[in-house]
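First up is the structure itself, then whatever we jot down about it.
Given the structure is predicted, the values throughout are model-derived calculations rather than measurements.
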Amino acid sequence: MTHTVTLEGESRLGKRQRLAKPELLAPAGSLEKLKFAVHYGADAVYIGGQQYGLRSNADNFSFEEMREGVEFAAKYGAKVFVATNIYAHQEDLAGVADYLRELEKAGIAAIIAADPAIVEVAMKAAPKLEVHLSTQQSTMNWQAVEFWKEEGLPRVVLARETTMDEIREMKNRVEIELEVFIHGAMCSSVSGRCVLSNHFTDRDSNRGGCCQSCRWKYDLHADEQSVSEAGQNLFTMGSKDLCMIQHVPDLIDAGVDSFKIEGRMKSIHYVASVVNAYRQAIDAYMEDPEHYELRQEWVDEIGKAANRPLNTGFFYTVPGAEEHIYEAEEKPAPYDFAAIVTDYDEATGIATVQQRSPFRPGMEVEFIGPGGRQFKQQVGEMTDEEGNALTVARHPLQRIRLAVAQPVQPLDLMRKRIG
Ligand code: SF4
């Protein structure tokens, strides 16, 4: 995988500029997800450690897992970042310098920090770690970006509320890397400024505990009168998800350095599919910007792993009322992750897969791999590893052999249609 392609000839505010290939940055909620994100084309992944991150419910990494993740990513030329983006109470800061030194020793390339105390400790205690300013700082103007550059930070993760025009202006005025969320869930409040979760559950959003209260089902009341009877006309305060697959050229032309996908709690299938789609779009545009065309299969690929309504967030306009999700019922994704390919025998055309959700002969499945490889087939006869015929693959992690219609590779995924 190469990440250094540049093209001559782009014009930005009248200046001839080299157009740099942006980094594709994926979430990895576990070591296994890290491997899939990198294998499907991420240039970098961001993870959470056992402390100081904002996803206290994700399967956060031990130092040993971090070392394994860094080693795996390095084989693909990819980097690993660690989120340390809580706003710290005094008690949270005890031990932070030691923790950051351990990250440095584990080969982590950068931390993503919001609290200036953590930023400062990192720069002094672990100077080999890059410090990227977290989106939690809500940076939306070039003066703030310049401030953080002067503080010595090489990268700012912009607020999701930043517009495309603001990004262009930042790139034109300040020489610094800009990381931008391009896909995934949005906060219905200004990101990082919400206390719904704190109020309802005593779980602090700014210390990693958000329980997504905005997506709960609520009854609607007006004054003393209930507008919806309990259980009727329930509504949520959740926002539509961000999706910029149709606007990859705009983001690259604006000078975005890192395309960030949200979702450390999301499944392997989701991470692989979304990374796969953006990887292809970015590569296609960088290879031949003049003849670039959005391909419907990239859009479809994203829709196969998740089914929330999508929009373009704040890039082009301030989202209005129609950008919220009011219906309480969310539709499931049309495909479910069924198995991971662990081996393939070219001579016999038999693949070995590891079960992740039940499947049986006669079921239509789809195999996918990096670079957009995919094909459909019906599951035929299948056996366990000892050669015993199976009528259903019902045991999680069981290894199963089945004939495949086309060659597959380890870490390809098998998914089944459910809707
Ligand atoms: S409750 Fe919703 S809006 Fe509030 S922080 Fe959590 S995800 Fe964001």
Parallel, tilted or perpendicular: which one describes the rings of [X] and [Y], with boundaries at 30° and 60°?
| X | Y | answer |
| --- | --- | --- |
| H132 | F81 | perpendicular |
| H183 | Y270 | tilted |
| F200 | Y218 | tilted |

Between [X] (side chain) and [Y] (backbone), is there a donor-acceptor pair under 3.5 Å?
| X | Y | value |
| --- | --- | --- |
| Y40 | L411 | yes |
| Q280 | N276 | yes |
| S239 | H324 | no |
| S134 | Q136 | yes |

What do you reckon, are the aromatic ring centroids of F72 and H39 less than 6.0 Å apart?
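No, too far apart.
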In terms of heavy-atom contacts, does [atom1] of [X] have more than 12 from other residues, nucleotides or ligands at under 6.0 Å?
| X | atom1 | answer |
| --- | --- | --- |
| E151 | CD | yes |
| K79 | NZ | no |
| Q143 | CD | yes |
| E297 | CD | yes |
| E322 | CD | yes |
| E346 | CD | no |
| Q296 | CD | yes |
| R373 | CZ | yes |

Which atom of V408 lies closest to which atom of A351, heavy atoms considered:
CG2-CB, 3.8 Å
Which atom names give the shortest non-hydrogen contact between I108 and L129, and what distance separates them?
O-CD2, 3.3 Å
Salt bridge present between [X] and [Y] (N-O < 4.0 angstrom):
| X | Y | value |
| --- | --- | --- |
| K124 | E120 | yes |
| E102 | K105 | yes |
| D283 | R279 | yes |
| E179 | R155 | yes |

Geometric cation-pi criterion, [X] with [Y]: 6.0 Å, 45°:
| X | Y | value |
| --- | --- | --- |
| K33 | F36 | no |
| R415 | F337 | no |
| K416 | Y335 | no |

Among side-chain atoms of [X] and [Y], is any donor-acceptor pair under 3.5 angstrom?
| X | Y | answer |
| --- | --- | --- |
| R399 | T342 | yes |
| H291 | D288 | yes |
| E323 | N311 | yes |
| Y87 | D92 | no |
| Q374 | E301 | yes |

Take Y285 and D253, measure what side-chain hydrogen bond (donor to acceptor under 3.5 Å, both in side chains) needs, and give me the verdict at the end.
CA-CA 10 Å; Y285 184 64; D253 293 351; 2.8 Å; yes
Exactly one of Q377, R417, K304 should register a side chain to side chain donor-acceptor pair (under 3.5 Å) with E366. Which one does?
K304
